[in-house]
> 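Have a look at this one before I ask anything.
Keep in mind that this is a model prediction, so the values were computed, not measured. Just so we're on the same page: letters track the sequence lines, and every chain starts at 1.
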Amino acid sequence: MQEKYHPQEVEQLAQQSWQEKTVFKASEQADKPKFYCLSMFPYPSGKLHMGHVRNYTIGDVLSRYRRMNGYNVLQPMGWDAFGLPAENAAIQRGVPPAQWTHDNIAYMRGQLQSLGFGIDWSREVATCHPDYYRWNQWLFLRMLEQGIAYQKTQVVNWDPVDQTVLANEQVIDGRGWRTGAVIEKREIPGYYLAITRYADELLADLEKLPGWPERVRTMQANWIGKSHGVDIIFPPDADSGMPQALKVFTTRADTLMGTTYVAVAAEHPVALHAARTNQPLAAFIETCKQGATIEAELATQEKAGMATGLFVTHPLTSERLPVWVANYVLMSYGEGAVMAVPAHDERDFDFASRYGLPIKAVIKPRQGSLDLPLGQAFTDDGITIDSGRFSGLESMVAIDAVAVALAEKGLGEKRVRYRLRDWGISRQRYWGCPIPLIYCDQCGTVPVPDDQLPVVLPEDLVPDGSGNPLTKTAAFYACNCPRCGSPARRETDTMDTFVDSSWYFIRYACPDQHDAMVDQRANYWLPVDQYIGGIEHAILHLLYSRFWSKVMRDSGLVTFDEPFSNLLTQGMVLNEIFSRKSESGRIEYYAPAEVDVIQNEDGKAYVLRADAEPVEFGGVGTMSKSKNNGVDPQGIVDQYGADTARLFMMFASPPTQTLEWSDAGVEGAFRFLKRLWRQVYLHVQSGGVALDDALRQQHVFSGELKLLRCQLHQTIVKVTDDLERRHTFNTAIATVMELLNGLAKLPGNDLPSRQLAQETLEAIVLLLSPIVPHICHTLWRELRPGTELLDQPWPQADEQALVQDEITLVVQVNGKLRGRIQIARDAEPAAIEHAAMTDEHVHKIIAGQTIKKIVVVPGKLVNIVI
RNA sequence: GCCGGGAUGGCGGAAUUGGUAGACGCACGGGACUCAAAAUCCCGCGAUGGUGACAUCAUGGGGGUUCGAUUCCCCCUCCCGGCACCA
C-alpha cells in the first residue's frame, strides 16, 4: 500500500474496475426489490456546475447505499437537449445548435464519468434524438384524437424590430434583449394540452405522495388553485350601449352587495367593443398591450384603468354599475372580468381610491365594528351589514343565500374553478421537437400519419436571431398533404421543452425499444423510487410530468398513477451575479471569478479584471448559463480528485438547503481523506487483522475500547438513519469524522486494540463508500485483501455494543444548566432526583430555596424549579 | 403583488419529538517537528466581566405560551426559489 493518498491514481483504478465489471448496468431481476433512483437530467449548457455536482452526488450516494442494502438499483442519465441556449450559442458563434449541443454532451458526459457516478450509461437518452422525440409527436397525435390537444390563440411577446417571438427571459424591462425595442403582446394560434381536465386528479393524488416534501405538495395545490365560488351574471344596461352581459367569478359572493363597479381585462371583448367608438380608451388598451406577459410584472405594475362609458346592472338590486377596463384583471383567469368590491378587496380598494369610485362596506368583523371611512380594505370574512335582506349573516351563510337568490333569477350559480390553465406547448423556435401537423388548403389541418413519424428536425440550420429558420427552409416545410396529396405546408412551431422532460424517466426503462413509446419494462422500473432535483422545478416540471404520466396511463401505456414516489428537492447553489449594459442595450454577464472587489470613496465597488471597468453587482442567484455565474467543478476535481469534490459538496450543508457558493473548506475535505488514508496505512503496516464474525464476538472489550466500540456502533446507527431517512449527508460525515478522531486517540497496539481498529476502519470505509467511493474501493482492498467493496453489504450495528451501564444526565435549575450527574441507566426517578439535588454545584444554588417542582426527563435531564 | 422556503460565532453548519446552543469542519492564534518552508501533529477559539472558580448576555427584530423555546403561536425586516416562452 502506498503511504500517500494519490486521488487521481486511486480514482482511475476504481473507475476502470467498475467499468470492466459493468457493475452499474441494470437489468430487470425478479429476486431483488428494485430501486429506481433518478436525478433530474441536465441541460447540456457546456460544462457542469456545482448544482449538478450536488444533485448527482446525492443521487449516487442514495443509489450506492441502496445497492449495499440488496436492492436492484437503476441510476440512469440523459440530456434535456432542446432549448433556447443552443440557439443563442448558434447566433453568437454561427454553429448549428445540434453541433454545439452534441459537443457539450460529449464534454459533460466525460465530466460525469470522472466524478465516478454509478450510472448505467447504456440507457442514455438525449431528447434531441429523433428516436426519442418521435414519441413526443406520437403521443401528441393521440392527445389530438382524444381532444386533450387542441388549438386556440395564445399571447406572446412580439419584438417588432426582429419580427420575432421572444421568451419571457428575453424581455428585459419591457424591451427586447437584442433590439431594445418595446415589446408588444400579440395573439397567435397555438396548441394546448388540456391539463385542466386532470386538475382534480392532480390535486387529489397529492395525498398519495407522502414521500414528497410538504412544501412542494402545498405549492402544487396552490398552483392548481381549486376554489369554490359563484359565477355571477351582470345584465347589460342597454341604454348605455352595453352589448352583452358580463359574467364574473367570485369566491366572495357575500360581498356582492358592496360591488361598486365591474372591471374587465384590456383584451376583453367588451373593452374592444367600447374602444371602437372611444379613442382615449383605444389608446389606453394599446398601452396595456405593451410590456411583458409575465404574471409577476402584471401584478406589480401600477394599477391603471379607464371607464368604458358602458354600464351593467347589479343582478340583485338592478343598480347601474360602471364598467371599467383595468390592467389588474387577467384575461386568463375566470372570464376576464371581476366584480369590484373596494371595501373588501385590496386591489379593488387601490383602484377605487385612485379613480374616486365609491367604496361601500358590507362586511364587518365578528367582534367590534369597522372604522369608516375605511383606510384599507377589510378582507377577512365576518358578518354582512348594509346588505338589505342579506344583512346580519355569517359570510359562509351569506354566500349560500346570495347564490340561491341569483339562481332563482337565473343570474348565477355555484361553481368550482381552478387557477390552473391549459398548457400551451407551441414555440416559434427552431431547436425543439416539431409539432407533427400539416396544413392543406383543401383538407385543413392534417395530422402526420404514424408511419411517417418522426418528423425529423433538420440539424444543419443556423438561426440568426430573426425568428425561426424552419419558416424559411422549404426543404422542411414544403410537403404534400397526406390526405389529398396536393402541395401543403408543415407546421413550423416546435414543442415546449417541458414536453421532452415530462416522460424521459419512463423512456430510460426501455431506450432501445424502437417499435413503441414504452414497453413492459416501464412497469417494472416505474414509479421512480427516489427523484432528486432542484426546488425550482417544484411546480412546472413536476406537475407536467404527473399530467403526462396520467395521460400515458389512460392511453394504456403504463399502469402507475404517479411517476415519482419519493422526492428530494435540492436547494439551489447560488453565486454572485455581475453584469454590465453594453452600448447596444444588451446585458452582458460576467463570471464572479473574473470580477475584483475594489474599495473606493463610496465603499465597495466591482470591476472586471480584464478591463478594470466597473460592473454592476446583481445580488446572488442560482448558478446558470444565462447569468454566467456557474462554477465548473473541474478545477477541484483536477486538484483534489472527485472524492474530495463529492465529500466537500455533501459536507457543506444539508441537501435541501440553499447554499451560497464558497470553496472555503475544500481543503478540509481533502485533509480528512488524507487522514483516513493514513490511518488505514498505519494499521495495515502494523499488520492488519483478518476479522471474521466469530472473532469479532470473542473479545469482551473494556474501558476505552468498550467506549470506542459503543461509539462505532452508534455511528453505524446514525449514518444509516442520516442516509436513509433524513438525507442529511453533512451530519453523517461529521459523525464519521468524530469516530475517526476517536480511533486516532486509541493508544494501544495490543491484539484487542488492533482488532477494534480493524473493525472500526472497515466500518468507516463502508459507511463512507456511497459518498467517496473511489478511495473506499482502494482502502477496502487493503483492509480485506481479495475482496471487493462493491460486494459488501451495508454494516449492521451490534445491539450489545450499544448498551451503556451509566449515562450522563444534565441538571438544570430554573431551566439553566447547573451540573451533570453520572447515574445507572435504569435508576429510579427518586434516585435521580436525589443525585441531582446532592450534586455539589447544584446543591450550592438550591440551598435555602423552596423547591416548587422537579421535572425529570428520562435519559435526558432533571430540571429543579425554585 | 401572490405562492413556497430561509436567517444560529469571523465563515459553512450541528442541536432529529419543546430538553446541555455552537457537534463536525473552515479561517485564525499559539506550540511541536524542520536549517527553513510545506505537509503533519498538539492546544486554544461566541460576546462581556473576572487572576480564577464562575457569572451574565446571545440563535434576524418585537411580543406570547411553557418548569424549559433555535424548535410552537402572533406581528415585522431582509434574503432565496416559483409565477405558466430560461431550464
> Tell me: CD of A:E667 to P of B:A27, nearest whole Å?
7 Å
> Categorize A:N741 for me: base, sugar-phosphate, or nothing, with a 4.0 angstrom heavy-atom threshold over every strand shown.
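Sugar-phosphate: the residue A:N741, judged by heavy atoms under 4.0 Å, touches backbone atoms but no base.
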> Starting at the 5' end of nucleotides 54-65 of chain B, put B wherever the base has a protein heavy atom under 4.0 Å, S where only the sugar-phosphate does, and a dash everywhere else.
-SSS--------
> Given the structure, check if the side chain of A:N222 and the base of B:C3 hold any donor-acceptor pair shorter than 3.5 Å.
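Side chain to base: no pair present.
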> Using a heavy-atom cut-off of under 4.0 Å over every strand shown, decide if A:K844 touches base, sugar-phosphate, or nothing.
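If one applies the 4.0 Å heavy-atom cut-off, A:K844 turns out to touch nothing in the nucleic acid.
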> Whole Å only: how far is the CZ atom of A:F672 from the C1' atom of B:C41?
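After rounding, the reported distance stands at 17 Å.
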> Can you find a side chain N or O atom of A:N730 that sits less than 4.0 Å from OP1 or OP2 on B:A14?
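Answer yes for this pair, as a side-chain N or O of A:N730 is under 4.0 Å from OP1 or OP2.
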> Please work out if A:K625 contacts a base, only the sugar-phosphate, or nothing of the nucleic acid, heavy-atom cut-off 4.0 Å.
nothing
> In a check of side chain to side chain donor-acceptor pair (under 3.5 Å) between A:K718 and each of A:D722, A:T720, A:D721, which one passes?
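Single side chain to side chain donor-acceptor pair (under 3.5 Å) partner of A:K718 among A:D722, A:T720, A:D721: A:D722.
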> Is any side-chain N or O of A:Q657 closer than 4.0 Å to OP1 or OP2 of B:G13?
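Affirmative; the distance criterion is met.
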> Determine the interplanar angle of the A:H52 and A:Y56 rings, folded into 0 to 90°, and report it as parallel if under 30°, tilted if 30 to 60°, perpendicular if over 60°.
parallel
> Is the backbone N or O of A:A81 less than 3.5 Å from a side-chain atom of A:W431, with the two atoms forming a donor-acceptor pair by type?
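It does hold such a pair.
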> Side chain of A:L659: nearest nucleotide among B:G12, B:C24, B:C2?
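Selected nucleotide: B:G12.
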> Checking one value: the base orientation of B:G9, syn if chi is within 90 degrees of 0, otherwise anti.
syn
> Mind checking A:R671 for me? I need base, sugar-phosphate or nothing, with any heavy atom below 4.0 Å counting as a touch.
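Sugar-phosphate contact only - A:R671 comes under 4.0 Å of backbone atoms but never of a base.
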> Quick one: is the NZ or CZ of A:K152 closer than 6.0 Å to the six-membered ring centre of A:Y192, and within 45° of its axis?
yes
> Looking for any heavy atom pair under 4.0 Å, which part of the strands does A:V865 touch: base, sugar-phosphate only, or nothing?
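Here A:V865 touches the backbone only, sparing every base.
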> Does a side-chain N or O from A:N863 land closer than 4.0 Å to OP1 or OP2 of B:U66, or not?
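Indeed not, no polar side-chain atom of A:N863 lies that close.
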> Determine which nucleotide pairs with B:A7, using a 3.5 Å limit on both distances of a Watson-Crick or G-U wobble pair.
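Pairing partner, where one exists within any strand: B:U77.
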> How does protein contact run along nucleotides 71-87 of chain B, one letter per nucleotide 5' to 3', with B for base contact, S for sugar-phosphate only, - for none, heavy atoms under 4.0 Å?
---------SSSBBBSB
> Round to the nearest Å and state the distance from A:M650 atom CE to B:G12 atom P.
18 Å
> Which nucleotide in the set B:C67, B:U40, B:G4 lies at the smallest distance from any side-chain heavy atom of A:T218?
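Shortest atom-to-atom distance from the side chain points to B:G4.
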> A:M737 CE to B:C26 C1': how many Å, rounded?
10 Å
> Check whether A:R354 reaches the backbone of A:K303 with its side chain - one donor and one acceptor, N or O, closer than 3.5 Å.
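Present.
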